[in-house]
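Reading through the structure tokens given below for one structure.
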Amino acid sequence: GTITNYRWEIDNSDEEKKDWEKQSQLNRIPMAMDHGELSRLINELARSLAKSETSALNYFDILKKMMINSSFKDPLNGIETHIKAFDFDAAAPLLHDLAKTLGVNLQK
């Protein structure tokens with residue numbers, strides 16, 4: 001009865017909180033960041049990761065500078081850790097998640 005209802009309210013508020021956090025993250029994307037440019041850069045980075053090319057390091061450095069004032073430091077740090085360890089397979093899904101959050105469509 002009561003405990004089940006209370007638990008449902010907690011679960012629901014967590015979902016609302018996640019929605020709010022995602023929206024507030026999107027609102028904090030710096031205005032100076034051109035979405036087309038960001039999209040091209042993320043796609044280049046994704047391609048270089050897929051091919052295990054060291055150019056991924058350069059693309060990531062540019063992306064990190066571009067997003068320096070955004071609220072995406074944690075995802076960027078995770079991607080960077082894997083790229084600097086040349087673990088491109090581990091970096092790719094994190095980049096895909098970031099792209100999805102930013103509304104960037106990755107080319108096949």
Side-chain angles (χ1 to χ4, degrees):
T2 308
I3 292 172
T4 307
N5 290 343
Y6 180 67
R7 180 75 218 149
W8 185 85
E9 284 175 21
I10 291 172
D11 289 343
N12 245 13
S13 65
D14 284 349
E15 280 306 307
E16 287 171 13
K17 185 178 174 200
K18 283 179 197 155
D19 288 346
W20 180 84
E21 284 172 351
K22 185 176 179 184
Q23 191 55 50
S24 66
Q25 274 188 331
L26 291 174
N27 292 340
R28 287 194 298 258
I29 296 170
M31 294 309 289
M33 196 186 315
D34 175 68
H35 199 269
E37 192 178 331
L38 181 67
S39 179
R40 283 187 295 280
L41 182 60
I42 288 176
N43 272 283
E44 286 299 326
L45 178 53
R47 272 193 286 280
S48 61
L49 289 176
K51 294 177 182 176
S52 296
E53 295 174 347
T54 55
S55 60
L57 292 160
N58 298 332
Y59 288 126
F60 180 78
D61 283 343
I62 297 166
L63 178 65
K64 189 175 176 186
K65 286 178 184 137
M66 218 175 160
M67 297 186 69
I68 194 101
N69 295 319
S70 75
S71 61
F72 296 95
K73 285 180 181 56
D74 289 343
L76 288 168
N77 287 341
I79 295 167
E80 182 174 36
T81 299
H82 294 304
I83 289 177
K84 287 196 171 175
F86 296 98
D87 189 354
F88 298 148
D89 290 340
L94 299 177
L95 180 66
H96 285 250
D97 290 346
L98 178 63
K100 188 175 179 184
T101 303
L102 292 169
V104 170
N105 293 320
L106 293 176
Q107 309 299 313
K108 295 291 176 202

Counterpart residues, salt bridge (charged side-chain N to carboxylate O under 4.0 Å, His left out), relative to Arg47 (two or more places apart):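 Applying salt bridge (charged side-chain N to carboxylate O under 4.0 Å, His left out) to Arg47 gives Glu44.
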Identify the heavy atoms of Leu38 and Met67 that sit nearest to each other, and give their distance.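 Shortest heavy-atom contact: CD1-SD, 4.1 Å.
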Between atom [atom1] of [X] and atom [atom2] of [Y], what is the distance when rounded to the nearest 0.5 Å?
| X | Y | atom1 | atom2 | value |
| --- | --- | --- | --- | --- |
| Phe88 | Ser48 | CZ | OG | 7.0 Å |
| Phe60 | Leu49 | CZ | CG | 10.0 Å |
| Phe86 | Leu57 | CZ | CG | 5.0 Å |
| Leu102 | Leu95 | CG | CG | 9.5 Å |

With sequence neighbours excluded, give me every salt bridge (charged side-chain N to carboxylate O under 4.0 Å, His left out) pair touching residues 48-65.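 Listed once each, the pairs are Lys64-Glu80.
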Test your reading of the model: is there a side-chain donor-acceptor pair from Asn43 to the backbone of Asn105, 3.5 Å cut-off?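 Yes: the side chain of Asn43 pairs with the backbone of Asn105.
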Member of Ile83, Ile62, Leu98 meeting the side chain to side chain contact (heavy atoms under 4.5 Å, CB included) criterion with Leu45: Ile83
Counting only heavy atoms from other residues, nucleotides and ligands, does the tally under 6.0 Å from NZ of Lys73 exceed 12? yes
Suppose we screen for side-chain contact (heavy atoms from CB on, under 4.5 Å). Which residues come up paired with Leu94, at least two apart in sequence or across chains?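 If we apply the side-chain contact (heavy atoms from CB on, under 4.5 Å) test to Leu94, skipping adjacent residues, the hits are Ile79, His82.
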